[in-house]
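Have a look at the structure below before the remarks.
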2 protein chains.
Amino acid sequence: MPRRCHRYGQGNGGPCSCEMGNLYRFAEPVMLLAIAGRGEVHGYQIAQEAEGMAVTHAGLDSGVIYRTLRRLEAAGRVVSRWDTSRPGPARRVYVLTESGMQHLREWAQVLEAVTASLQALTHNCQKAAQSRRSAATRPALPVGVSTSRNRMGAG
Amino acid sequence: MPRRCHRYGQGNGGPCSCEMGNLYRFAEPVMLLAIAGRGEVHGYQIAQEAEGMAVTHAGLDSGVIYRTLRRLEAAGRVVSRWDTSRPGPARRVYVLTESGMQHLREWAQVLEAVTASLQALTHNCQKAAQSRRSAATRPALPVGVSTSRNRMGAG
DNA sequence: CCGACTATTTGCAAGTTACACCTAGCATTA
DNA sequence: TAATGCTAGGTGTAACTTGCAAATAGTCGG
């Protein structure tokens, strides 16, 4: 799904979350937070800030941003108006509704739980990765245990 | 995407991560960890343990588990053999390869980074949710305001 | 034989993502 | 004037994951 990002192939110390695939971008809370923080934003603004706020290294795709904004508006979480008061193309400016504020509070609770679980998972992965690494001068696991019955198309 | 889970509508204090949608299950690291921890597992075993290890409350769907196992095998992260030594239907038993061990180490690094980012996001969401909650007897945001010209030079 | 449990696999609808591409306003430069 | 580049919003599509349901099988108890 994610095929590259600004970090791709740059050797920034450790594998990139984008190369691992399978990570959501948490676009909704990131964007709700951006709107709540500024009171009023347009999509392009979010796209420029999102790189720093995003959970993974890929930032948020502009397509995702604009579609998420429309989805949030359809759900009543934000309302928008067109701002033509400044030069340049018109901007669609968004503000949170009370429902959107409530949604952000819900996200805060959910994220707290998810973060805790993820922290535990991370800890366990690190422990497992380390415990085997010490005993890994030889192949960590006897690969090739009579794999005999591997019929089934094998993917 | 996720429509229910065992927690659905049970009022366990706070909204369920499943109701928020948009959360990946981190199936791959959870499963790699399960395999690494036991040395040898089959899919059904993972399905039964996964509820406790999963990052969200939904656990891991058995379809996801079996498909992920095949994908991991196709990528050389695990190898399988059929175990018919015990009564009941044959079980496909998986062990990690050295490449799979390496993948787990990579996941450990990625998860560490993601956890840190997620923690920051969580913290910011909580702060935003709280700071406005105190001032939210009246509608949280006057919709349509032109707030103090958040001019965000942006570049 | 029938159901219950174990165990694996597949089909499908729904949803998200990454990328490419498009429209359009305005400013600078040749 | 034309070309170029930045700002700003939007759409189309392929690839992928997920959740749920259903199919297939082996074994055991009644």
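Each chain gets a letter, A, B and so on, in the order the sequences are listed, and its residues count up from 1.
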Any A:Tyr44 side-chain nitrogen or oxygen under 4.0 Å from OP1 or OP2 of D:dT7: yes
Can you list the residues that meet the side-chain hydrogen bond (donor to acceptor under 3.5 Å, both in side chains) rule with A:Gln126, with sequence neighbours excluded? B:Glu112
Using whole Å, what does the distance between atom P of nucleotide C:dT9 and atom CD1 of B:Ile46 come to? 12 Å
Rounded off to whole Å, could you give me the CZ-to-P distance for the B:Arg86 and C:dT6 pair? 14 Å
For A:Glu73 and D:dG10, what is the distance between atoms CD and P respectively, to the nearest whole Å? 9 Å
Per B:Arg67 side chain, nearest of listed nucleotides D:dC20, D:dG9, C:dA24: D:dC20
Minimum-distance nucleotide to A:Arg92 side chain [options: D:dT17, D:dG9, D:dG12]: D:dG9
Which of the following nucleotides, D:dT7, C:dA18, C:dT6, is nearest to the side chain of A:Asp61? C:dA18
Map B:Thr68 and A:Tyr66 onto DNA chain D by nearest heavy atom, then report which one ends up closer to the 5' terminus. A:Tyr66
I'd like to know if B:Glu98 and B:Arg105 make a salt bridge, using a cut-off of under 4.0 Å between side-chain N and carboxylate O. yes
Which part of the nucleic acid, if any, lies within contact of A:Ala90, taking any heavy atom under 4.0 Å across all strands shown: a base, the sugar-phosphate backbone alone, or nothing? sugar-phosphate
Both B:Ser62 and A:Val64 contact DNA chain C. Taking the nearest nucleotide for each, which residue is further toward the 5' end? B:Ser62
Backbone N/O of B:Glu106 and side chain of B:Gln109: donor-acceptor pair under 3.5 Å: no
